[in-house]
Novice: 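Below is one structure. I have some questions about it.
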Amino acid sequence: MACQGLQKGETLESLKRESETLKKKLEEERNKLNDVELHQVAEKVEVLSALSIKTRRVLKGHGNKVLCMDWCKDKRRMVSSSQDGKVIVWDAFTLNKEHGVPLPCTWVLACAYAPLSGLDNKCSVIPLSLDKNENLAAKKKSVAMHTNYVSGCSFTNSDMQLLTSSGDGTCALWDVESGQLLQSFHGHTADVLSLDLAPSETGNTFVSGGCDMKANVWDMRSGQNIQSFESHESDINCVKYYPSGDAFASASDDATCRFYDLRADREVAVYQKDSIIFGASTCDFSLSGRLLFAGYNDYTINVWDVLKGTRATILFGHENRVSRVRVSPDGTALGSASWDSTLRVSWSFSTGSNYIFRFIKLLFWVNSRLVLEFTVAF
Amino acid sequence: MTINTLAKGGCHREQMACFRKMEKVIVAMQDPDMGMKMRNQRLLITVIPHAMTGHDIITWLTHKYRISEEEALHLGNMLVKYGYIYPLKEPRCLVLRPDESPYRFQTPYFWTSTRWPASELDYAIYLAKKNIRKQGELMEYEKERYSLLHKRINHTWDFVVMQAREQLRSSKQRRKADRIVLECQEQAYWLINRPPPGVNNVLDTGLERPNNFSCRVTLVSNFIIEACRKALGRNRVKSSICLEGFLKYSEQYLNHDPIMQGCLPSNPWISDDTAHWTMNAEIVPVPTRLRVERWSFSFTELLNDAMGRKEFMTYLEKEFSAENLYFWQACEDIRHGENSKIVEKVEDVYKNFLAPGAARWVNIDSKTMDKTLEGIKRPHRFVMDDAQMHIYFLMKKDSYPRYLKSDLYKNMLAKAIVPQETKKSVFPFMRRQRHSSPSPAQTATQAAEEEGLAKGAGANSAAGSHF
């Protein structure tokens, strides 16, 4: 798209007025098909039985803020990057540190595990201003080159292509082998802080969020911005797709997380609470998409019921900002990274209660020869 | 490259927004009607008015926001950490204690947001005052900083000392109680803006952003206008339909979500038993039932699972349409593979799947075929997209539903494993295996005993009323 200066007959004022009018029109169009709210539809869904999620594993070893973490496909290993300039690969199950890679730069903002299911696990690390693709067999490669810091990265379906988001306001798709830029994505008007690939059939889109308070959906092939959402009141720190690919969530400095429906093309839920004052820096869905885990700058992790819009529970434990939360690939555990230089693994002990309820149902039936629908709401 | 982690000059947007919100809470706490009840607190021999206890703060927050005490303690702690409330006993320890410890509100003059950022000059004056008052007995780190400052702003040092002396003199003219209060307030302010070594700097906000690259108004407006125009032309789906979709999805996957429903035989993280992972490894002799069920949720689920894909391939071989899946896989390889191999791979695909008389010729409609053959002349990463899409949907609409109804799938489902659940008991010696249809009364007692300890009041009272 050519971003030229003013055309004939345009003034700054007229441009602004035109964009405001169009925005209003768009809101009206979106509202036309808005016949019901998510929490209304969700009234018929069973209330969540009390969630008992506890943090039981603490991974210590970084010397400074942990800025990013990601799970390995084997469901138990994680990679983390820290302000101390190190990237560590952990076996979170045994608490062993398996590899430690020092980098020549601090502020390693993003790291991602390549989706390779082979013996050589490739790990990509993108440090500030110097972008390196790190092969743990000590073969360093410079892949992505932005003109400003790289805030997020993700491999596409193979480890041959890398998608990055940057403080220079753009996203870019790179060929890992040659380091060539395959496609660039322009449309944000400030730093892009996060991106996520769509888990869709066609696997061609991704969403990005940035300091311009906008979340944009892009076509990887053409570089086009296909959808845009602007309802947050501050920087969007993290975006994550709902597992079906029909929606995504965003976490923002305005202390809310929001849920956007891609087919209806609008925001359908806001997850907020009066007592939550500090910005949300990261979010991730549980495997079924029923729960949204969000890490905040007040050191807590709030767990939201995505459908009903209420908060299911809150996790304490970290002693500084939570920089990243990620559910493990098979959904069994939640990993969180924090500026307190630790990583923590939490999981749910909720299942026990289901057995109580089932036995109580059975007891009712046996005693009173009636089938009673017995739901206990905590 | 130097990275500035403290905002310099103007306000840091994110922090200021948080400050404003915290200040709202503080103002509400001091509201004459709905706010907190304050009282006088005795500190050694002086009486300090307008103080409250840690316990009062937590109670107020619990009621105001309808949150648990744990959360109220956490929130209150934030208010203390950011300097809006400071402790009177142990003033260097900025922690909220849920007991009778006295606390006081910080005066707005010393709110971090009021005097942002704290200046070197002010800090120098503060340390100079302290130095004079304590006759050189500063803390180690304060001594170090003092001498550092002395070197750095040596040219204004006379001014610093003069200011310090002046402030000390005017404070001596105040009542003792006021003097103590002012000293506490000032100390609290500096504990936050110049934290001692080893203490977290709450004002650290990480990388400074956004970067001030020029956002030309024309650029912004043009982006918005173009995006809006495109969006107005979009097809949208009614909310009621979309939202039902989410409900259905979450319901369908509920049993597969370990955080919601647990997993069989047990969650490895809880039981330290990796059986769950072993049973669900990429390739296993017999897959679990849940896994095979998942193949029926969507075509993508089937293809994404290596075993599922293998099974589907076997089915297609029987139906003599396996070339479709081979073709699709080859196209995926082109799309996601190395740039340098694209030309060679496209050639292979043409030879094997598209050329007339090819060994694995795929049946594509003529329009798509023509377009693809044209595109092959100048091969690129996405040249096979249309053809691949066509074959994908062919398999999805035709072969996939038939596969789900086939004996092959049904047999797989029938012989799939349903792992026995192992529950980790609270009492280590009571590790027991679950069996089907236990005697209700007996096992209900056992279960209640085990889980009642974990679940507490709710479950216990419900279970207890039937014995």
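So you know, we letter chains A, B, ... as the sequences are listed, proteins then strands, and number each from 1.
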Novice: Using the side chain to side chain contact (heavy atoms under 4.5 Å, CB included) rule, take A:N204 and B:D385 through it: C-alpha gap first, then chi angles, then the decisive distance, then the call.
Specialist: CA-CA 11 Å; A:N204 261 337; B:D385 268 15; 4.2 Å; yes
Novice: Relative to chain A, which segment of B:I225 carries a heavy atom at a distance below 4.5 Å: side chain, backbone, both, or neither?
Specialist: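 B:I225 touches chain A through backbone and side-chain heavy atoms alike.
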Novice: With respect to chain A, which residue among B:P268, B:G245, B:A72 yields the maximal number of heavy-atom pairs within a distance under 4.5 Å?
Specialist: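 That would be B:P268.
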Novice: Look at B:T300, B:N235, B:N267, B:L247 and state which one has the largest set of heavy-atom pairs under 4.5 Å with chain A.
Specialist: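 Ranked by contacts with chain A, first place is B:L247.
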Novice: What part of A:I277 lies closer than 4.5 angstrom to a heavy atom of chain B: side chain, backbone, both or neither?
Specialist: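 For A:I277, backbone and side chain are both near chain B.
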Novice: With only heavy atoms counted, which part of B:R381 is less than 4.5 Å from chain A, the side chain, the backbone, both or neither?
Specialist: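 Just its side chain gets close to chain A.
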Novice: Taking atom CZ as the centre, does B:R234 end up with more than 12 heavy-atom neighbours from other residues, nucleotides or ligands that are less than 6.0 angstrom away?
Specialist: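 Buried by this count: over 12 neighbours within 6.0 Å.
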Novice: For B:F19, is it the side chain, the backbone, both or neither that has a heavy atom under 4.5 Å from a heavy atom of chain A?
Specialist: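 The answer is neither part of B:F19.
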Novice: With a 4.5 angstrom heavy-atom cut-off, is it the side chain or the backbone of A:N216 that approaches chain B, or both, or neither?
Specialist: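 Contact with chain B is absent: no heavy atom of A:N216 under 4.5 Å.
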Novice: Under a 4.5 Å heavy-atom cut-off, does chain A meet the side chain of B:S68, its backbone, both or neither?
Specialist: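 No part of B:S68 comes within 4.5 Å of chain A.
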Novice: At a heavy-atom distance under 4.5 Å, which candidate from A:T332, A:L334, A:L26 has the highest pair count against chain B?
Specialist: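 Looking at each of A:T332, A:L334, A:L26 in turn, A:T332 comes out on top.
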Novice: Under 4.5 Å from any heavy atom of chain B, what part of A:K44 do you find: side chain, backbone, both or neither?
Specialist: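 For A:K44, side-chain heavy atoms alone lie under 4.5 Å from chain B.
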Novice: Can you tell me if A:N34 and B:R236 form a side-chain donor-acceptor pair at under 3.5 Å?
Specialist: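 Note: A:N34 and B:R236 side chains miss the donor-acceptor criterion.
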Novice: Counting only non-hydrogen atoms closer than 4.5 Å, does A:N237 touch chain B with its backbone (N, CA, C, O), its side chain (CB onward), both, or neither?
Specialist: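 Contact with chain B: side chain only.
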Novice: By a 4.5 Å heavy-atom criterion (distance strictly below it), what part of A:R56 contacts chain B: side chain, backbone, both, or neither?
Specialist: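 No part of A:R56 comes within 4.5 Å of chain B.
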Novice: Can you check whether B:S240's main-chain N or O pairs, donor with acceptor, with A:D35's side chain at less than 3.5 Å?
Specialist: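 The answer is yes, because a donor-acceptor pair under 3.5 Å joins these two groups.
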Novice: How long is the straight-line distance from CZ of B:F246 back to CZ of A:R263, given to the nearest 0.5 Å?
Specialist: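 So the CZ of A:R263 and the CZ of B:F246 are separated by 7.0 Å.
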Novice: Using heavy-atom distances under 4.5 Å, tell me whether A:P243 contacts chain B through its side chain, its backbone, both, or neither.
Specialist: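 For A:P243, heavy atoms of backbone and side chain both lie under 4.5 Å from chain B.
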Novice: Using non-hydrogen atoms and a 4.5 Å limit, figure out which bit of A:R57 sits close to chain B: side chain, backbone, both or neither.
Specialist: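 A:R57 touches chain B through side-chain heavy atoms alone.
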Novice: Start with the C-alpha distance between B:E71 and A:F316, add both sets of side-chain angles, then the distance that settles side chain to side chain contact (heavy atoms under 4.5 Å, CB included), and finish with yes or no.
Specialist: CA-CA 9 Å; B:E71 199 179 343; A:F316 299 101; 4.1 Å; yes
Novice: For the pair B:Y82 and A:F278, name the ring-plane relationship: parallel under 30°, tilted 30 to 60°, perpendicular over 60°.
Specialist: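 Taking A:F278 first and then B:Y82, their aromatic rings sit tilted (interplane angle of 30° to 60°).
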Novice: Can you check side chain to side chain contact (heavy atoms under 4.5 Å, CB included) on B:I259 and A:L291, steps first, answer last?
Specialist: CA-CA 9 Å; B:I259 290 180; A:L291 300 174; 3.7 Å; yes
Novice: Please flag which part of B:K24 lies under 4.5 Å from any non-hydrogen atom of chain A: side chain, backbone, both or neither.
Specialist: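 It is neither, since no heavy atom gets under 4.5 Å.
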Novice: Heavy-atom cut-off 4.5 Å, strictly under: side chain, backbone, both or neither for A:E230 against chain B?
Specialist: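 It is neither, since no heavy atom gets under 4.5 Å.
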Novice: Less than 4.5 Å to any heavy atom of chain A: does that hold for the side chain of B:N200, its backbone, both, or neither?
Specialist: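 It is the side chain, since no backbone atom gets that close.
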Novice: Under a 4.5 Å heavy-atom cut-off, does chain A meet the side chain of B:Q252, its backbone, both or neither?
Specialist: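 For B:Q252, neither part sits under 4.5 Å from chain A.
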Novice: Pick one of side chain, backbone, both or neither for A:E28, based on which atoms fall under 4.5 Å of a heavy atom in chain B.
Specialist: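 For A:E28, no heavy atom lies under 4.5 Å from chain B.
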Novice: Count the heavy atoms of every other residue, nucleotide or ligand shown that sit under 6.0 Å from CD of B:E251, and state whether that count exceeds 12.
Specialist: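 Not buried by this count: 12 neighbours or fewer within 6.0 Å.
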Novice: Name the region of A:V345, side chain, backbone, both or neither, that has any atom closer than 4.5 Å to a heavy atom of chain B.
Specialist: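 The answer is the side chain of A:V345.
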Novice: Using a cut-off of under 4.5 Å for heavy-atom pairs, which of B:Y65, B:W269, B:Y253 has the most such pairs with chain A?
Specialist: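 Maximum pair count with chain A is reached by B:W269.
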Novice: Using 30° and 60° as the class limits, which term best fits the ring planes of A:Y242 and B:Y249: parallel, tilted or perpendicular?
Specialist: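 Tilted, since the angle between the ring planes falls between 30° and 60°.
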Novice: Are A:D274 and B:K64 close enough for a salt bridge, meaning some N to O gap below 4.0 Å?
Specialist: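 Between B:K64 and A:D274 there is no salt bridge, as every charged N stays at least 4.0 Å from the carboxylate O atoms.
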Novice: Salt-bridged, B:D204 to A:R321, with N to O below 4.0 Å?
Specialist: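 No.
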Novice: Could you measure the distance from the NE2 atom of B:H74 to the CD1 atom of A:I314? Nearest 0.5 Å is fine.
Specialist: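 Answer rounded to 0.5 Å: 6.5 Å.
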Novice: What part of B:K238 is in contact with chain A, defined as an atom under 4.5 angstrom from a non-hydrogen atom: side chain, backbone, both or neither?
Specialist: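 Answer is both: backbone and side chain atoms of B:K238 are under 4.5 Å from chain A.
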Novice: Looking at A:A247, A:G187, A:G279, A:G210, which one has more heavy-atom pairs under 4.5 Å with chain B than the rest?
Specialist: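 Greatest number of close heavy-atom pairs with chain B: A:G187.
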Novice: Got a second to check how far B:S239's OG is from A:D261's CG, nearest 0.5 Å?
Specialist: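 Interatomic distance, B:S239 OG to A:D261 CG, rounded to 0.5 Å: 6.5 Å.
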Novice: Counting heavy-atom pairs under 4.5 Å with chain B, which one of A:N225, A:V45, A:D298, A:L38 comes out on top?
Specialist: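 Ranked by contacts with chain B, first place is A:D298.
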Novice: Does any backbone or side-chain atom of B:L232 lie under 4.5 Å from a heavy atom of chain A? Answer side chain, backbone, both or neither.
Specialist: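 Contact with chain A: backbone and side chain both.
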